[in-house]
2 protein chains.
Amino acid sequence: MTARRGSGPTMHDVGKLAQVSAMTVSRVLKNDPGVSEATRERVFAAVDKLGYRRNQTARSLRLGGSGMIGLVVTNLANPFYSRLALGVQEVATEYGFRMLLSNSAEQAEREPELIDGLVDHQVEGLIVVPAGSRQQHLAAAMRHVPVVLAARPPAGLDTDCVLVEDFHGAREATACLLAEGHTRIAFLGNPPALYTGAERLRGYWAAHEEVGIEPDNALIRQGLVDAATAERATLELLQQADRPAALFCTNNRISQGAIRALYKAGITLPLAGFDDFDLSDVLGLPLTLVSYDADEIGRQATRLLIDRLEHRDTAPPASRRVTVPTRVIRYGSHSEHGDGPGHPPAGA
Amino acid sequence: MTARRGSGPTMHDVGKLAQVSAMTVSRVLKNDPGVSEATRERVFAAVDKLGYRRNQTARSLRLGGSGMIGLVVTNLANPFYSRLALGVQEVATEYGFRMLLSNSAEQAEREPELIDGLVDHQVEGLIVVPAGSRQQHLAAAMRHVPVVLAARPPAGLDTDCVLVEDFHGAREATACLLAEGHTRIAFLGNPPALYTGAERLRGYWAAHEEVGIEPDNALIRQGLVDAATAERATLELLQQADRPAALFCTNNRISQGAIRALYKAGITLPLAGFDDFDLSDVLGLPLTLVSYDADEIGRQATRLLIDRLEHRDTAPPASRRVTVPTRVIRYGSHSEHGDGPGHPPAGA
DNA sequence: CCACGATGAGTTAACGATAACAGTACGTGG
DNA sequence: CCACGTACTGTTATCGTTAACTCATCGTGG
């Protein structure tokens, strides 16, 4: 039953069966008005009988435009990026586009070939979460199709992007901890070379300055890349003589590593961090999380992209920068602070 | 800078610049031996200068085979499916295929059009996690390309599939709880119309029979579709006069809902369930989780598919069924059982 | 000195669909 | 009765690439 290479029937085959030319078949399928009802029915019957489907590849070639947009994310296993992908797909579908997805696995060196591959497949536009700080290959891609960056801004590139309120969110969450009287807040961050890492550190720092406190450099750990490295860094901090009174984590994986370290050490500390995550509400820890809608980043990025596609001819407006808002969510009791067994279940 | 519709330079343009025909450009890019070194260099120079990239759409049309495979999942936001997608991508890339991804959002009625769309885009094969029990549309797709099912078996279809050891895993996890002396184990399951729901219930039941216990029907809740419905069902069970002594959940979302209910009720019960999830190890609950490698499902499915693609011509072997093994993981203390505050931190 | 193979490069046609153009058949009004 | 519009359908050429074929040039051996 499985068709062989080069696959199924063509319009010509359908036409032969319906005793018309391929052109008439094309017209029927395009809902062109100038076809008699009798012919139309014969064609549809033939289409059904043969299980015919239009060859989108041939249409793309003839009509220009593949109906596909490319998405490159750094780590699809992270719920953040899978939600972003869903947002992209949602809007893309709405406008009749399909999504070709690549995962760079956070390996910046693989990104250029992924992008070239997508361009080769004639995607009409690209949405990219850039893995590294070098973005020269993106400039190359922009010679072919419009590119929108997500979650990280362009570096030396003139293109649209969608960002989170990194600075503001970090500042606000840190301020919450400071307002509760915690002055020794450790900072657990991803590599500062990444925009989000740098911005969120800036927010952490700004919150301290606003209350006239200078952060202790001994409490700042950067360059953490996953939950495991974050866990190790946290354990080190906890074993220091002058232990931090609270933690600030720049993303969900780092928060999870820190939480694991706290759990293993049998210590409860207030923790603030970027990204909400599953079950954060049932940990019984005093959490202050900067939450935002990852889907929305994908949706906005796709809208920016499609807007450019629909105005290909007109002079492109200046590159735009859209920001997705954050809001702070708090879980667990925030009255107590210091050590002690955690997980006080809320009232039944 | 952004190119207009119909986009970039063609082989003809490259040829003009390099003072050769398009055919020679094609030969150079294909690494055909019969081209002089001088010509080869001129062509490469022209390619670089123009930023030329081969049009994969035109190649697909000419050569047959788009180099793409389609993946349809039910919910990309579930880490299970995003990992599955990563597994697909990994093997697909290895064999030079790209992945066109669609998300059915668990709406079975949308699935046919998603699949048709992928077929239209000339995917060479499909990997599908079917959303519903009706699979007639898959038979239609199989007229065009080979189809491999993932996580759920074919119903009235002759095609390859990759499954998890649903029955075995459920039986084993339930048996763990029973071995500890819990006899009243609640069952919280997804709709029984789904294969996984039915199989896992069967495993739960079989484990009871093996120790000569008949499950109490009053403790069985099926048809749960997400964490919220699972949470409500669990709260109901907990308020029953004859409360369950342990819980069995058929997937990660249901486990999470149940855990949320336990937390809100201030009750700790042993919980068994399918799928491991982030932070399961730090909840301090006695958990018995059936874990397996979702990536591996994707990898195996892709291998089955590509195997068929590479043997398109030869008589297809009978449809194959591959099973991915499960293993039971246990977290938290399993000595105590009954009520009481949870989260006893492990030693530092 | 010429036939012939090797070498390098161009021409033609086709993949499948479709825009643009070109009929053909019919009816209507002058 | 014929010019002309209307309704329907067929032909041709094209999108960008490439398999298969053709063609020109050069060197070599009989």
Side-chain angles (χ1 to χ4, degrees), chain A residues 3-44 46-47 50-68 119-124 144, chain B residues 3-44 46-47 50-68 119-124 144:
Chain A
R4 70 191 67 260
R5 179 166 205 81
S7 67
T10 70
M11 281 195 175
H12 203 91
D13 300 326
V14 175
K16 203 159 52 183
L17 188 59
Q19 300 178 316
V20 292
S21 71
M23 192 61 231
T24 300
V25 178
S26 173
R27 277 193 270 253
V28 169
L29 266 43
K30 200 194 321 169
N31 244 317
D32 212 310
V35 182
S36 74
E37 195 50 41
T39 306
R40 188 179 298 276
E41 277 168 21
R42 282 209 316 284
V43 169
F44 277 129
V47 165
L50 296 177
Y52 172 77
R53 299 242 99 217
R54 274 198 294 205
N55 183 329
Q56 185 64 37
T57 299
R59 305 191 77 219
S60 300
L61 181 59
R62 180 67 236 248
L63 301 172
S66 61
M68 300 192 295
V119 169
D120 291 353
H121 277 275
Q122 301 298 110
V123 294
E124 298 188 42
H144 294 94
Chain B
R4 70 192 66 258
R5 179 163 202 81
S7 69
T10 71
M11 282 194 173
H12 204 90
D13 300 326
V14 175
K16 203 158 54 182
L17 187 60
Q19 299 180 319
V20 294
S21 72
M23 192 62 231
T24 300
V25 177
S26 174
R27 276 194 271 255
V28 170
L29 266 42
K30 201 194 321 171
N31 246 318
D32 212 309
V35 182
S36 73
E37 195 51 40
T39 305
R40 188 178 298 276
E41 278 169 19
R42 281 208 317 284
V43 169
F44 277 128
V47 165
L50 296 177
Y52 172 78
R53 299 242 99 217
R54 273 199 294 204
N55 184 330
Q56 184 64 36
T57 298
R59 304 191 77 219
S60 300
L61 182 59
R62 179 66 236 244
L63 300 172
S66 61
M68 301 192 294
V119 169
D120 291 353
H121 276 277
Q122 302 297 112
V123 294
E124 298 188 41
H144 294 94

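Below, each value reflects all heavy atoms present in this structure, side chains not excepted, and no hydrogens, waters or symmetry copies. Keep in mind the model is a prediction, meaning the values are calculated, not measured. In the text below, chain A, chain B and the rest are named by the order of the sequence lines, each starting its count at 1.
Looking at residues 21-39 of chain A, you'll see A:Ser21, A:Met23, A:Thr24, A:Arg27, A:Gly34, A:Val35, A:Ser36, A:Thr39 sit with a heavy atom under 4.0 Å from some atom of DNA chain D.
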Could you list the donor-acceptor pairs under 3.5 angstrom formed between side-chain atoms of residues 8-15 of chain B and any protein atom two or more places apart in sequence or on another chain?
| from | atom 1 | to | atom 2 | distance (Å) |
| --- | --- | --- | --- | --- |
| B:Thr10 | OG1 | B:His12 | N | 3.1 |
| B:Thr10 | OG1 | B:Asp13 | N | 3.4 |
| B:Asp13 | OD2 | B:Thr10 | N | 2.8 |

Could you list the donor-acceptor pairs under 3.5 angstrom formed by side chains in residues 26-38 of chain A, with sequence neighbours left out?
| from | atom 1 | to | atom 2 | distance (Å) |
| --- | --- | --- | --- | --- |
| A:Ser36 | OG | A:Thr39 | N | 3.3 |
| A:Ser36 | OG | A:Thr39 | OG1 | 2.8 |

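Judged by atom type and distance alone, B:Arg59 does not reach the base of D:dT17 through any side-chain donor-acceptor pair under 3.5 Å. A donor and an acceptor atom never sit less than 3.5 Å apart when one is taken from the side chain of B:Arg62 and the other from the base of D:dT17.
The CG atom of B:Leu63 sits 11.5 Å away from the OG1 atom of A:Thr57 when rounded to the nearest 0.5 Å.
Two residues are said to be in side-chain contact when any heavy atoms from C-beta on lie closer than 4.5 Å; B:Ser66 and B:His121 fail this criterion. A:Gln122 places none of its side-chain heavy atoms less than 4.5 Å from the side chain of A:Ser60. Two residues are said to be in side-chain contact when any heavy atoms from C-beta on lie closer than 4.5 Å; B:Gln56 and B:Met68 fail this criterion.
D:dT17 atom P lies 14 Å from atom NE2 of A:His121, rounded to whole Å. D:dG10 atom C1' lies 17 Å from atom NZ of A:Lys16, rounded to whole Å. The separation between B:Gln56 atom CD and D:dT18 atom C1' is 13 Å, rounded to whole Å. For the pair B:Leu50 CG and D:dG16 C1', the computed distance is 15 Å after rounding to whole Å. Rounded to whole Å, the distance from NE2 on B:His12 to P on C:dG10 is 11 Å. Distance CZ (B:Arg42) to C1' (C:dG10): 14 Å, rounded to an integer number of Å. For the pair B:Met11 CE and D:dA19 P, the computed distance is 10 Å after rounding to whole Å.
Counting only residues at least two apart or in different chains, salt bridge (charged side-chain N to carboxylate O under 4.0 Å, His left out) contacts with residues 53-64 of chain B comprise A:Asp116-B:Arg53, A:Asp120-B:Arg53.
Checking each of A:Val47, A:Val25, A:Leu50 against A:Leu17 for a side chain to side chain contact (heavy atoms under 4.5 Å, CB included) leaves exactly one that passes, namely A:Leu50.
Along DNA chain D, the nucleotide nearest to A:Val20 and the one nearest to B:Leu61 differ in position, and the one closer to the 5' end is contacted by A:Val20.
Partners of A:Ala18 under the side chain to side chain contact (heavy atoms under 4.5 Å, CB included) rule, at least two apart in sequence or in another chain, are A:Val20, A:Arg42, A:Val43, A:Ala46.
Residue A:Arg40 has no polar side-chain atom (N or O) positioned under 4.0 Å from OP1 or OP2 of D:dC8.
Rounded to 10 degrees, the angle between the two end axes of the helix from C:dC1-D:dG30 to C:dG30-D:dC1 is 80°, with five pairs used at each end.
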